[in-house]
Amino acid sequence: MLSFEQKLQNYAELTVKVGVGLQAGQRLLVRAPVEAASLVRLIVASAYRAGARLVDVMWLDDALTLARFQYAPRDSFEEYPAWRTETMAKLAKQGDASLAIHAVDPDLLKDQDPELVALAQRIHDEHMLPFRRQIMADATNWCLISLPVAGWAAKIFPNDPPDEQMSKLWEIIFKVCRIDRPDPMAAWQEHLTTLKAKTDYLNAKHYTALKYTAPGTDFTVGLPANHLWKSGQSVSQHSIVFVVNIPTEEIFTMPHRDKAEGVVSSAKPLSHAGILIEDFSLTFENGRITKVTAKKGEAVLKKLIESDEGAARLGEVALVPHSSPISQSGLLFYNTLYDENAANHLALGRAYRCSLKNGLLMSDEEFAKAGGNDSLIHVDFMIGSAHMDVDGITSDGAIEPIMRAGEWTF
Ligand code: ZN
Ligand code: ZN
């Protein structure tokens with residue numbers, strides 16, 4: 001049995017070596033909430049031991065975000081500390097490694113004006129765009145992980161005392177991230193090999209469309225010619241192998257921006273901009289959302305979809321078997337990194353250029369012409385469950401099973 005400290009150490013090592021794939025001589029920029037200080041110190045030490053030339057940390061704090069919504073002038077929400085995002089984009093462009101530790105209270109902004117919440121999110125997305133363009137083009141090696149913070153743990157385990165909420169969430173994170181295995185690095189290599197076998201199979205099939213059937217869902221999405229199925233393991237433009245998310249259970253590709261038809265219903269709530277959007281369904285015609293309904297958070301969802309032209313179209317289709325360790329935990333995480341790796345999902349907005357052959361080399365016009373979507377936003381939402389069937393449609397119209405009752409058929 002490993003102690004908590006040993007597991008935390010393993011988590012730091014795994015993040016630096018398998019996640020970021022940090023190379024000797026590289027610089028590393030870490031963004032992390034203040035609650036992550038103990039983990040960040042281990043990560044920084046591990047990065048220097050791996051040969052980092054310089055590691056810098058940008059701290060984030062939910063309490064500061066909340067204070068702004070509570071006390072800042074109502075007309076001030078277009079203000080933004082642009083130096084942060086400009087630095088991030090510049091460092092990514094020059095090939096510095098990047099690590100984001102994302103952990104927030106999902107209910108942080110639930111009592112705040114949804115208009116201001118949406119405005120602040122949009123301004124943030126606008127400033128983040130140059131950095132996101134760099135990492136979506138795999139300009140450098142980068143990784144996203146999470147860790148328990150009090151508000152998040154309380155949301156998942158509302159009936160437990162606070163210290164138990166935190167230790168329960170740590171335990172699950174260690175399990176799902178394979179940190180509790182005798183050799184976490186070897187467990188990850190095995191897992192990544194399995195994911196690669198699934199992408200190889202679907203890349204060989206090259207289906208022209210996927211058809212989804214589940215309660216509340218009757219939906220077909222077209223896949224562009226030359227789409228590529230990818231796993232969380234990627235290779236940067238500098239040939240560095242890295243894993244974009246820890247945990248990762250998905251394989252994903254690019255939908256055609258003009259080819260989505262039918263109705264798709266959410267299988268889990270979407271936690272967006274501090275608001276929970278629940279029990280929603282989206283109707284698509286010619287790739288575009290024409291109708292939105294939600295039992296909760298409908299106004300925020302509609303605002304999100306109205307962000308720009310591409311926000312009402314899809315940028316990702318991802319497959320995750322229902323038996324994934326995250327889904328087996330039976331928990332709702334209120335955190336996209338975890339929830340997206342529990343279930344089949346789609347993303348509104350921007351498509352990953354790496355999920356189209358030669359996508360990284362195309363101009364914006366060429367990418368759009370090939371079916372690639374562009375938007376300020378990229379927001380994943382979960383549609384998969386134990387009741388979902390997925391079929392692939394071949395170029396001659398044959399229908400082949402991919403998933404039955406949420407599990408792979410191959
Ligand atoms: Zn995804
Ligand atoms: Zn996504």
Side-chain angles (χ1 to χ4, degrees), residues 19 98 100 102 121 125 128-129 131-138 142-146 176-177 191-192 194-196 198-199 202 210 212 219 221 223 227-234 242-257 260 264 266-273 277 282 289 301 304-305 307 310-322 324-327 332-356 359 372-385 388 390 402-403 406 408:
S98 189
H102 178 75
Q121 184 68 42
D125 286 337
M128 284 290 278
L129 193 60
F131 172 71
R132 286 186 176 141
R133 280 202 198 285
Q134 294 293 330
I135 64 165
M136 287 185 99
D138 288 338
W142 60 281
C143 181
L144 168 68
I145 67 167
S146 197
V176 163
C177 297
H191 175 51
L192 293 168
T194 307
L195 290 177
K196 180 152 191 316
K198 299 298 178 195
T199 59
L202 289 173
L210 300 181
Y212 295 80
F219 178 67
V221 60
L223 303 178
H227 68 271
L228 286 175
W229 285 94
K230 307 268 291 179
S231 73
Q233 189 168 51
S234 233
F242 64 102
V243 175
V244 296
N245 292 344
I246 291 181
T248 184
E249 302 287 334
E250 65 171 344
I251 62 165
F252 65 94
T253 192
M254 190 176 103
H256 195 294
R257 65 190 301 280
V264 63
S266 64
K268 284 172 175 264
L270 167 62
S271 176
H272 179 73
I277 304 162
L282 305 171
I289 295 170
L301 180 58
L304 175 69
I305 288 165
S307 304
R313 297 176 184 274
L314 296 175
E316 177 188 343
V317 293
L319 299 174
V320 183
H322 186 67
S324 83
I326 298 171
S327 160
L332 177 64
F333 284 91
Y334 305 94
N335 173 332
T336 301
L337 174 61
Y338 276 76
D339 289 323
E340 82 162 325
N341 281 300
N344 288 341
H345 57 273
L346 303 171
L348 296 171
R350 191 171 55 243
Y352 284 93
R353 282 173 171 253
C354 63
S355 53
L356 185 72
N373 194 31
D374 193 20
S375 169
L376 268 182
I377 68 157
H378 176 99
V379 177
D380 299 271
F381 61 99
M382 307 316 128
I383 60 170
S385 67
M388 175 166 272
V390 183
I402 294 175
M403 284 184 157
W408 297 116

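Note that this is a predicted model, so its numbers are computed, not measured. Just so you know, ligand 1 is whichever comes first in the structure, and atom 1 is the first atom listed for that ligand.
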Angular separation of His345 NE2 and Glu250 OE1 about the Zn ion (ligand 1), given to 10°: 90°
Derivation and outcome, side-chain contact (heavy atoms from CB on, under 4.5 Å), residues Leu314 and Leu348: CA-CA 5 Å; Leu314 296 175; Leu348 296 171; 4.1 Å; yes
Closest Glu316 atom to the Zn ion (ligand 2) [N, O or S only]: OE1
Asp380, N/O/S atom nearest the Zn ion (ligand 2): OD1
Atom of Glu340 closest to the Zn ion (ligand 1), considering N, O or S atoms: OE1
Backbone N/O of Pro247 and side chain of Asn341: donor-acceptor pair under 3.5 Å: yes
Atom NZ of Lys196: over 12 foreign heavy atoms under 6.0 Å: no
His378, N/O/S atom nearest the Zn ion (ligand 2): NE2
Centroid-centroid distance, Tyr352 to His378, less than 6.0 Å: yes
From CA spacing to verdict: side chain to side chain donor-acceptor pair (under 3.5 Å), Ser146, Asn335: CA-CA 9 Å; Ser146 197; Asn335 173 332; 3.2 Å; yes
